[in-house]
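Letters A, B, ... are given to chains in the order of the sequence lines, protein chains preceding strands, and every chain is numbered from 1.
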Number of protein chains: 2
Amino acid sequence: MKQVPPQKAEIILQTALEQFAENGFHSSPISQLASRAGVGVGSIYRYFKDKDELIHAVFKQVDEELQQTITHNFDSTLSDQQQHIQLVVNLIHYLKERPHEFKFLEQYYSSPYGSEEKHAKFLHAEVKEPPNPFANLFASISQKNQQKLPLPLYLAMTFGPVIFLLRDALSGYVELDDALIEQTAAASWRALET
Amino acid sequence: MKQVPPQKAEIILQTALEQFAENGFHSSPISQLASRAGVGVGSIYRYFKDKDELIHAVFKQVDEELQQTITHNFDSTLSDQQQHIQLVVNLIHYLKERPHEFKFLEQYYSSPYGSEEKHAKFLHAEVKEPPNPFANLFASISQKNQQKLPLPLYLAMTFGPVIFLLRDALSGYVELDDALIEQTAAASWRALET
DNA sequence: CTTTCCGGAATGAACGTTCCGTCAGTTATA
DNA sequence: TATAACTGACGGAACGTTCATTCCGGAAAG
C-alpha cells in the first residue's frame with residue numbers, strides 16, 4: 001500500500017504555479033513545466049486531463065488557501081475598525097510574501113479562464129452569507145453608515161487599493177513596508193465612514 | 001502619393017483591440033484577426049513587424065488616448081476635493097464606455113508584455129512631473145496632510161477602487177450607475193484626508 | 001510599363017496530447 | 001524463501017494540429 005500516492009500531483013501543481021506566475025500561461029509549454037518539475041510529460045497527463053484542467057486546479061488550490069487564511073485571522077470580538085484594519089493588513093502581508101500566488105491570480109482573472117468563471121464568487125457570494133465573520137463585519141459597517149454602504153463599494157475600497165499596491169510592489173515601484181501597509185489600511189477604513 | 005495611407009493600419013489596430021479584448025492574445029490568431037478586419041494576412045505584416053509589435057502598438061494607442069483624456073478634463077481652478085472627484089468620476093465614465101480598452105489594458109499589464117514594460121510609467125513618472133495638473137493636485141493634497149501622503153498610497157486609493165469596480169461591472173456583478181460612481185469618488189477622497 | 005500594394009496559399013516551428021516500452025514494486029506459485 | 005508473473009506508474013519519442021511568418025502571383029496606382 002502506498003501512503004503517499006498523490007505526492008507527484010502536488011509537485012506538479014506547485015511547479016505549475018511558479019511557472020505560470022513567472023512566464024504566463026502561453027509561455028509555459030507542458031514540456032518545460034515537466035522538466036522543471038523533474039517529471040515526464042506523460043505523467044502530467046496522468047493527473048490532469050489537459051492543460052486547462054491543470055490551470056484551473058492551480059487556481060482552486062491557491063484560491064482555497066487564500067480564503068482560508070482570510071477567514072482564519074479574524075477576531076470578531078474587535079471593533080469594526082480594528083477588524084477591518086486587521087483584515088487589510090493581514091491580506092497585504094500574506095500576498096506580499098507570495099508573489100507567485102498573486103501574479104497567478106491576476107493573470108487568471110484577467111484571462112479568458114477567470115472571466116468565464118465565477119470570478120469574484122468569493123468576494124460576492126461569500127461576503128453575503130450570514131454565518132461568517134466577513135458578512136458580519138460588512139453588515140455592521142453598513143448599518144452604522146448614514147447612507148447605506150453598497151457592497152460593491154465596500155469591496156472596491158477594501159480590496160482595490162490592496163491589489164493596486166501589491167502590483168506596484170511586485171513591479172519594484174514601491175517599497176511596501178509596514179508603515180505604508182498600515183497607512184493603507186487606515187485610509188481604506190476612512191473611506192468607509194460616512 | 002497616398003493621402004490616406006495609414007487608414008488600413010488604423011483598421012487593423014482597432015480590430016486587434018477588439019479581438020484581443022474579447023479573446024485574449026493567444027486565442028487571437030493573426031488569420032482570424034485578418035479576416036475580421038477584412039484584410040489579408042500578409043497586409044498585417046506590412047504594417048507591423050510581428051504579433052508582438054502589434055500588441056505593443058495597440059497598447060500605445062490605448063494608453064495615449066487614456067492619458068490625454070485624463071489630463072484634458074482637468075479644471076485646476078477647482079478645489080482639491082472637487083478636482084479629485086472630477087478625476088475619478090471622469091475616469092470611471094470614460095472606461096465604462098470602453099470595455100474593450102479596459103479589458104485590453106488589464107490583460108496587457110498582467111501578461112509578460114506589460115510586466116517587462118514600463119508598467120505604471122504613466123501613473124508614476126507622469127504624476128511626478130511638475131508641469132501637469134496631476135502633479136499639482138497630488139502636491140497640494142500631500143502638503144495639506146498632517147502626516148505626509150506617500151505617492152503610492154495616493155495612487156492606490158485613487159485608482160485601485162476604480163479598477164476593481166470596473167472589473168466587477170464588466171463581469172456583470174455590479175450595476176455601475178451614477179450614484180455608485182459618485183459614492184466611490186467621494187469615498188476615495190475621504191481616504192486621502194488626514 | 002513600372003512600381004507599389006495586397007491576399008492568401010505554403011512553410012516551418014512550436015506545442016498539446018497520445019502512445020508505448022520500461023521498470024519498480026507487489027502478488028502468486030512452488 | 002526464491003522465482004516467476006503481473007500491474008500500473010513513468011518518461012519521452014512521435015503525431016497531428018495550430019499558428020506566426022514568408023513569399024509569390026496578381027491587382028491597382030502612377
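Contact annotation: B:R46 side-chain N/O to C:dC5 OP1/OP2 distance is not under 4.0 Å. The phosphate of C:dG7 has OP1 or OP2 within less than 4.0 Å of a side-chain N or O from B:S43. Note on A:Y47: every side-chain N or O is 4.0 Å or more away from OP1 and OP2 of D:dA9. For the pair A:K8 and D:dC10, the criterion of a side-chain N or O lying under 4.0 Å from OP1 or OP2 is met.
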Scoring nucleotides 12-19 of chain C by protein non-hydrogen atoms under 4.0 Å (B base, S sugar-phosphate only, - none) yields ---SSBB-
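Note: B:W189 and B:H84 have tilted aromatic rings, judged against thresholds of 30 and 60 degrees for the angle between ring planes. Ring pair B:F74/B:F134 is tilted by interplanar angle, where 30° to 60° counts as tilted.
Under the 4.0 Å criterion applied to side-chain N and carboxylate O atoms, B:K144 and B:E193 are not assigned as salt-bridge partners.
Across the protein-nucleic acid pair, B:E53 atom CD and D:dA20 atom P stand 15 Å apart, rounded to whole Å. One interatomic measurement links the two molecules: CD1 of B:I44 to C1' of D:dT22, which rounds to 14 Å at whole-angstrom precision.
Under the ring pair (Phe, Tyr, Trp, His ring centres under 6.0 Å) criterion, A:F25 pairs with A:F20, A:F104, A:Y113, sequence neighbours left out.
No donor-acceptor distance shorter than 3.5 angstrom exists from the side chain of B:Q19 to the backbone of B:L33, with no hydrogens or angles considered.
One side chain, B:D80 or B:S140, offers a donor N or O that lies under 3.5 Å from an acceptor on the other.
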